[in-house]
Protein chains: 2
Amino acid sequence: MTFDAIDQKLIHLLQRDSKQTNKELSNKLNLSVTAVYERIKKLENQGVISRYVALVNKEKVDKSFVAFCHIKLTQHAQDYVVKFEKEVTNLQEVLECYHISGDYDYLLKVLVKDMEAFREFMVNRLTKINHIGSTHSMFMINEVKHTTAITV
Amino acid sequence: MTFDAIDQKLIHLLQRDSKQTNKELSNKLNLSVTAVYERIKKLENQGVISRYVALVNKEKVDKSFVAFCHIKLTQHAQDYVVKFEKEVTNLQEVLECYHISGDYDYLLKVLVKDMEAFREFMVNRLTKINHIGSTHSMFMINEVKHTTAITV
DNA sequence: GGTGAAATCCTCGGGGG
DNA sequence: CCCCCGAGGATTTCACC
């Protein structure tokens with residue numbers, strides 16, 4: 001899959017603001033509205049653009065506490081791993097979960113209201129999942145950068 | 001700031017698919033198109049919905065390697081910190097950067113093509129920044145969960 | 001890749017509970 | 001305050017060049 005300079009710029013623009021009209025995009029790209037339309041449809045059909053979403057300001061919905069949890073499983077049999085991953089996926093507080101290399105098996109990004117809510121999450125939700133060996137949590141002090149945009 | 005059941009469902013829907021028409025949303029919410037329109041505008045004006053973006057499939061743009069880098073600074077004087085944060089923000093490979101508690105100062109999420117590109121990034125880009133003491137990298141083996149949607 | 005037109009949608013004034 | 005209707009103007013979408 002290959003992208004010319006126009007596609008790259010189009011992807012760049014849509015990753016920053018997907019609400020622009022094709023007309024606005026056509027001006028920025030020096031193309032006709034239809035050409036923009038067809039390029040976007042192509043990117044969507046190719047799966048390059050997977051979806052369009054609204055981003056919510058977490059502070060405005062009273063979710064200001066971010067924690068990163070390292071997790072090590074006690075056992076690594078296939079069915080334990082599958083079960084753990086399924087249950088973690090079902091936790092709404094867990095925004096991201098990665099199987100990673102290193103001393104721990106998983107890295108989770110957890111979003112809750114405050115420290116008290118995090119304590120509650122750890123005690124009543126996360127550690128209710130079986131086969132969790134050890135955990136190690138770090139708290140976010142400040143979000144320096146957070147983008148969903150990939151440079152192509 | 002408070003959200004009724006309709007707002008919550010609306011936020012939920014827009015975080016999953018922001019390309020739905022107000023008509024589609026009005027059906028799902030049992031409201032008129034205008035009511036949906038006004039609720040969305042209110043959420044935008046309040047800053048609850050901060051923006052609309054297109055999400056790109058990283059594999060499709062040949063960026064399949066994700067690494068998490070812990071970084072410790074050698075010094076923590078205000079101007080060193082500010083400078084580090086500024087330079088890290090300017091690195092396109094760094095999608096996320098958090099100032100965190102614990103043994104390290106920062107946690108970075110880095111996206112590149114492959115291990116070789118990551119090595120290149122570490123040697124020629126990241127460690128070119130001054131005042132970096134130690135780093136510790138973990139590689140993503142599998143992305144179990146990754147959502148931009150917050151439950152309100 | 002462009003043009004033009006139909007279908008659809010966004011947007012807002014006006015009005016009701 | 002929140003909702004609905006209706007209409008004008010903008011936008012998306014597609015057949016055709």
Side-chain angles (χ1 to χ4, degrees), chain A residues 1-64 92 113 147-152, chain B residues 1-62 147-152:
Chain A
M1 205 166 294
T2 172
F3 309 104
D4 64 16
I6 297 177
D7 278 335
Q8 289 175 24
K9 193 167 180 187
L10 179 55
I11 292 169
H12 176 91
L13 291 168
L14 288 175
Q15 284 190 111
R16 267 144 199 89
D17 178 10
S18 63
K19 267 289 164 74
Q20 321 179 56
T21 63
N22 291 345
K23 191 174 183 182
E24 289 172 311
L25 291 168
S26 72
N27 286 332
K28 293 175 184 171
L29 297 170
N30 287 107
L31 278 180
S32 69
V33 172
T34 304
V36 170
Y37 172 77
E38 285 168 352
R39 278 174 181 265
I40 292 175
K41 277 287 162 287
K42 187 173 173 190
L43 291 171
E44 290 171 1
N45 292 334
Q46 288 175 144
V48 175
I49 294 177
S50 55
R51 51 205 211 116
Y52 298 89
V53 300
L55 297 183
V56 166
N57 185 333
K58 61 185 187 305
E59 278 76 23
K60 297 276 183 175
V61 294
D62 204 20
K63 297 283 177 71
S64 298
Q92 49 141 117
K113 182 180 185 221
T147 181
T148 53
I150 300 172
T151 304
V152 16
Chain B
M1 204 163 294
T2 171
F3 309 105
D4 65 15
I6 298 176
D7 278 336
Q8 289 175 26
K9 193 166 178 187
L10 179 55
I11 291 169
H12 175 91
L13 290 169
L14 288 175
Q15 285 189 112
R16 269 144 196 89
D17 179 11
S18 63
K19 267 288 166 74
Q20 319 179 61
T21 64
N22 291 347
K23 190 173 184 181
E24 290 172 311
L25 291 168
S26 72
N27 286 330
K28 294 176 184 171
L29 298 170
N30 286 106
L31 278 181
S32 70
V33 172
T34 306
V36 171
Y37 171 77
E38 286 169 351
R39 279 175 180 265
I40 292 175
K41 277 286 161 289
K42 188 174 174 189
L43 291 171
E44 291 170 1
N45 291 333
Q46 285 175 145
V48 176
I49 293 176
S50 55
R51 50 204 211 117
Y52 297 90
V53 301
L55 297 184
V56 166
N57 185 333
K58 60 186 186 306
E59 278 76 24
K60 297 276 182 175
V61 294
D62 204 19
T147 181
T148 53
I150 300 171
T151 303
V152 17

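Naming: A, B, ... by sequence-line order, numbering from 1 per chain.
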Open item on the list: Tell me every residue that passes side-chain contact (heavy atoms from CB on, under 4.5 Å) with B:Val48, counting only those two or more places apart in sequence or in another chain.
Closed with: A:Val56, A:Lys60, A:Val61, B:Met1, B:Phe3, B:Ile11, B:Leu43, B:Gln46
TODO: Find the bend of the helix from C:dG1-D:dC17 to C:dG17-D:dC1 as the angle between its two terminal axes (five pairs each), to the nearest 10°.
DONE: 30°
TODO: Return the set of residues passing salt bridge (charged side-chain N to carboxylate O under 4.0 Å, His left out) with B:Glu38 (not counting sequence neighbours), or none when no residue passes.
DONE: none
Task: chain B footprint on DNA chain D, 5' to 3' - any atom under 4.0 Å from a heavy atom - done: D:dC2 to D:dG6
Open item on the list: Run the salt bridge (charged side-chain N to carboxylate O under 4.0 Å, His left out) test against B:Lys42 and tell me which residues pass, sequence neighbours left out.
Closed with: none
Open item on the list: Does the protein touch nucleotides 11-17 of chain C at the base, only the backbone, or not at all? Give it as B, S and - per nucleotide, heavy atoms under 4.0 Å.
Closed with: BB-----
Open item on the list: Show me the pairs that pass salt bridge (charged side-chain N to carboxylate O under 4.0 Å, His left out) and involve residues 15-30 of chain A, at least two apart or across chains.
Closed with: none
Task: Taking every non-hydrogen atom, the tightest pair across A:Ser18 and B:Ser18 - done: OG-OG, 4.3 Å
Task: Residues that A:Lys63 engages under salt bridge (charged side-chain N to carboxylate O under 4.0 Å, His left out), provided they are two or more places apart - done: none
Open item on the list: Using a strict heavy-atom distance below 4.0 Å, which residues from residues 5-20 of chain B are in contact with DNA chain D?
Closed with: none
Task: A:Asp62: partners by salt bridge (charged side-chain N to carboxylate O under 4.0 Å, His left out), with sequence neighbours left out - done: A:Lys113
Open item on the list: For B:Leu13 versus B:Gln20, what's the shortest heavy-atom pair and its separation?
Closed with: O-NE2, 3.2 Å
Task: Heavy-atom closest contact (A:Ala54 atom, B:Ile49 atom, distance) - done: CB-CG2, 4.1 Å
Task: Partners meeting side-chain contact (heavy atoms from CB on, under 4.5 Å) with B:Asp4 (sequence neighbours left out) - done: B:Ile6, B:Asp7, B:Arg39
Open item on the list: Could you work out, with side chain to side chain donor-acceptor pair (under 3.5 Å) as the rule, every residue matching A:Tyr37, not counting sequence neighbours?
Closed with: none
